[in-house]
Amino acid sequence: MAKSALLKSSLAKKYWMALTGLFLCLFLAGHLAGNLQLIFSDALHFNQYALFMTTNPAVKLLSYLTYISILFHAIDGIMLTFQNRAARPIAYAKNNAAANSPWASRNMAVLGTIILVFIVTHMVNFWAKMHFDENFPLQTISIENQGQKQDFYLTTDAGYIPVNQVETGGLEIKNRTEFYDTAAKVKVKEGYKDLHKITVAFFQDAKTGLIATLLYVLAMAVLAFHLWHGFASAFQTMGVNNPTYSPIIKGFGKGFALIVPLLFAIIPIYIHFFLKA
Amino acid sequence: MKLTLKIWRQKNAQDKGAIVDYPIDGIEPDMSFLEMLDVLNEQLINKGDEPVAFDHDCREGICGMCSLFINGEAHGPDRGVTTCQLHMRMFKDGDTIFIEPFRAKAFPVIKDLVVDRSSFDRIQHAGGFISVNTSGNTIDANTIPINKDDADKSFDAAACIGCGACVATCKNSSAMLFVSAKVSQYALLPQGKVEAADRVLNMVHQMDLEGFGNCTNTGACEVECPKGISLENIARMNREYLVASLKG
């Protein structure tokens with residue numbers, strides 16, 4: 001009788017590693033496209049994009065899938081690593097592993113752990129603030145009129161609300177983004193959470209901006225090594241190894257591993273060193 | 001050649017074991033690695049010491065009996081050869097050479113450099129065969145036409161001698177190169193297709209039971225394999241297992 005174990009066998013664990021890993025590669029590509037607006041677009045478009053990403057139901061579904069994939073990839077990876085360690089109770093006195101395998105392929109667990117720490121801090125710094133911070137700023141612009149500067153909130157209907165209307169009590173902000181008429185108690189307009197401002201401030205902070213930028217770049221270097229092995233490895237695990245397609249997959253994987261982390265890393269460098277506040 | 005050997009000595013399976021240094025002189029570059037160990041053992045016996053136990057049989061690189069983890073590599077620094085076909089010209093005069101047994105939970109040490117590789121036998125028993133009636137009316141295998149590419153790939157996989165270098169060199173002590181070679185050599189042929197699904201499921205199940213680790217595609221096994229078994233086989237096993245599992 002055949003012994004199928006698609007949930008717990010060694011190979012099943014590898015399939016899950018590969019599938020979640022490849023899905024997270026897709027996530028990286030999407031996340032990068034969004035982040036690049038910090039360089040190639042303006043604050044309003046970036047904040048509009050951020051609003052879309054936090055409210056669209058399809059995006060929400062994808063984001064839950066992403067959280068689950070990260071968790072599963074990490075837990076499965078830890079389980080595999082412990083099993084692999086247990087499979088050799090006595091280590092070699094001398095092991096010349098560099099002679100037969102690339103460094104990244106032998107250090108996926110360490111690289112992955114660093115990436116997991118990065119993801120957690122990254123989510124605390126941006127995701128958690130965006131979702132839960134009660135004092136998250138709304139986007140404003142300054143308009144000069146007859147020598148007088150006045151600040152306005154930008155609203156989702158492409159309109160404006162003078163900041164002093166809120167300050168004087170004519171309007172109040174509820175649910176972090178909604179403008180209510182204080183007297184009539186009705187919702188008038190909705191503002192944009194200014195994620196752009198938070199992001200720029202994070203990397204331009206006089207005290208911690210440089211360290212944050214350097215750590216971000218370092219994390220991307222770690223990600224590059226992880227992807228350098230992981231991308232093509234996932235295809236091998238799923239059984240795709242073929243003289244015609246494998247060189248293309250390996251080449252694409254190495255390109256992906258270099259280009260994606262590099263583009264991610266350029267963004268904080270640009271914000272810290274080149275973007276005018 | 002004058003060498004310093006650092007050899008793992010372990011009296012029996014229960015003994016803790018340790019690396020012991022042996023200086024040795026008068027080694028010819030044309031000696032095989034096992035002949036060098038023969039010289040050492042002769043000296044040890046003449047001194048009344050216990051000789052170093054190591055596995056060997058054909059000494060022609062085809063039986064899969066010899067092993068040894070030499071200077072951090074399975075079957076030593078040369079490529080495409082077993083330890084018996086490794087020659088001392090691969091080393092320099094004055095070298096220090098570490099000689100250790102193949103290390104894996106599924107390959108327990110019996111004595112010194114000899115390990116028990118019967119876990120491989122049990123994996124073979126779980127499915128590494130085809131069921132053919134041998135009662136006297138066996139059909140000649142050549143009556144079934146087989147695509148040349150498939151026949152070649154099957155033969156390449158069948159070149160695996162089951163020495164265990166893949167396990168020894170893998171950082172995870174994974175046996176997947178061995179198991180995949182045994183799965184592939186039959187899966188590629190019409191005679192093996194009949195039992196293909198059961199074979200891959202049962203062999204992988206037995207592999208997991210034996211306590212081998214999981215492949216992380218470092219590719220070290222393919223580099224160190226004396227018979228050049230390709231990682232393509234692992235991909236084929238992964239495919240076979242996935243399809244067999246989904247079929248239920």
Side-chain angles (χ1 to χ4, degrees), chain A residues 1-15 17-19 76-77 79-109 112 229-243 245-246 249, chain B residues 6 8 17 19 69 71-74 77 98 100 103-106 109 126 167 169-174 176 197-202 204-208 211-224 230-248:
Chain A
M1 189 56 211
K3 296 176 176 75
S4 172
L6 202 49
L7 289 172
K8 54 182 185 176
S9 75
S10 53
L11 288 189
K13 291 197 196 81
K14 280 163 51 63
Y15 296 145
M17 261 339 247
L19 289 175
D76 201 22
M79 278 164 50
L80 284 167
T81 304
F82 276 113
Q83 273 185 358
N84 294 344
R85 292 268 166 91
R88 178 165 296 142
I90 301 168
Y92 289 112
K94 181 169 182 180
N95 191 357
N96 186 15
N100 52 43
S101 51
W103 182 85
S105 75
R106 282 178 275 122
N107 291 280
M108 291 299 275
H229 174 69
F231 192 94
S233 175
F235 282 89
Q236 161 79 7
T237 294
M238 294 315 294
V240 182
N241 185 334
N242 161 306
Y245 299 120
S246 288
I249 292 167
Chain B
K6 287 179 168 290
W8 182 262
I19 297 268
F69 206 72
N71 266 352
E73 289 184 75
F98 279 81
E100 298 175 76
R103 294 273 187 216
K105 190 179 155 209
V109 173
V167 173
T169 201
C170 175
K171 77 177 195 54
N172 311 316
S173 305
S174 167
M176 289 194 191
D198 281 1
R199 176 180 306 114
V200 71
L201 295 175
N202 290 338
V204 168
H205 177 73
Q206 188 62 36
M207 172 183 83
D208 290 350
F212 290 103
N214 309 286
C215 172
T216 50
N217 304 325
T218 67
C221 53
E222 184 185 52
V223 174
E224 299 290 352
S230 164
L231 288 180
E232 262 184 62
N233 292 302
I234 298 186
R236 186 176 296 104
M237 174 180 73
N238 294 349
R239 281 200 300 276
E240 291 267 326
Y241 189 85
L242 187 60
V243 172
S245 298
L246 292 175
K247 276 184 184 166

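Lettering follows sequence order; numbering is per chain, from 1. Bear in mind the structure is a predicted one, so any value in this text is a computation, not a measurement.
In terms of heavy-atom pairs under 4.5 angstrom with chain A, the leader among B:A106, B:G219, B:S174, B:C215 is B:C215. Taking chain B as the reference chain and counting heavy-atom pairs below 4.5 Å, the highest number among A:Q83, A:R106, A:M108 is found for A:R106. Contact count versus chain A (heavy atoms, under 4.5 Å) is highest, among B:T218, B:V204, B:V223, for B:T218. No other option in A:S246, A:S101, A:A91 has as many heavy-atom pairs under 4.5 Å with chain B as A:S101. Between chain A and the residues B:D208, B:N214, B:N172, the largest count of heavy-atom pairs under 4.5 Å involves B:N214. With chain A as partner, the option from B:I19, B:N71, B:V109 having the largest number of non-hydrogen pairs under 4.5 angstrom is B:N71.
A:Y15 contributes a side-chain N or O that, together with a main-chain N or O of B:N238, makes up a donor-acceptor pair within less than 3.5 Å. B:E73 contributes no side-chain N or O that, together with a main-chain N or O of A:A97, makes up a donor-acceptor pair within less than 3.5 Å. Between the side chain of A:R88 and the main chain of B:C170, a donor-acceptor pair closer than 3.5 Å is present. Of the possible donor and acceptor atoms, none in the side chain of A:N100 sits under 3.5 Å from a partner among the backbone N and O of B:E224.
Across all their heavy atoms, B:E232 and A:N241 have their closest contact at CG-OD1, 3.4 Å. Contact detail for A:I90 and B:R103: the closest heavy-atom pair is O-CD, 3.3 Å. Across all their heavy atoms, B:S173 and A:A87 have their closest contact at OG-O, 3.3 Å.
Atom CZ of B:F212 sits about 11.0 Å away from atom OG of A:S10, to the nearest 0.5 Å. From B:L242, atom CG reaches atom CG of A:L11 across 9.0 Å, with rounding to the nearest 0.5 Å. In this structure, the separation between CZ on B:F69 and CG on A:N96 is 8.5 Å, given to the nearest 0.5 Å. From B:K171, atom NZ reaches atom CZ of A:R85 across 7.0 Å, with rounding to the nearest 0.5 Å. Put simply, OG1 on B:T169 and CG on A:N95 are 7.0 Å apart, with the number rounded to the nearest 0.5 Å.
Within the 4.5 angstrom heavy-atom criterion, only backbone atoms of A:A86 (N, CA, C, O) approach chain B. Looking at A:M17, neither its backbone nor its side chain comes within 4.5 Å of chain B, counting heavy atoms on both sides. Using a 4.5 Å cut-off between heavy atoms, B:I234 contacts chain A through both its backbone and its side chain.
Contact annotation: the side chain of B:M176 approaches that of A:K14 to within less than 4.5 Å [non-hydrogen atoms, C-beta and beyond]. With a 4.5 Å cut-off on side-chain heavy atoms, A:K94 and B:E100 count as touching.
Using a 3.5 Å distance cut-off with no hydrogens or angles, the side chains of A:N84 and B:T216 do not pair a donor with an acceptor.
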Stepwise side-chain hydrogen bond (donor to acceptor under 3.5 Å, both in side chains) check, A:T237 with B:N217
CA-CA 8 Å; A:T237 294; B:N217 304 325; 3.0 Å; yes
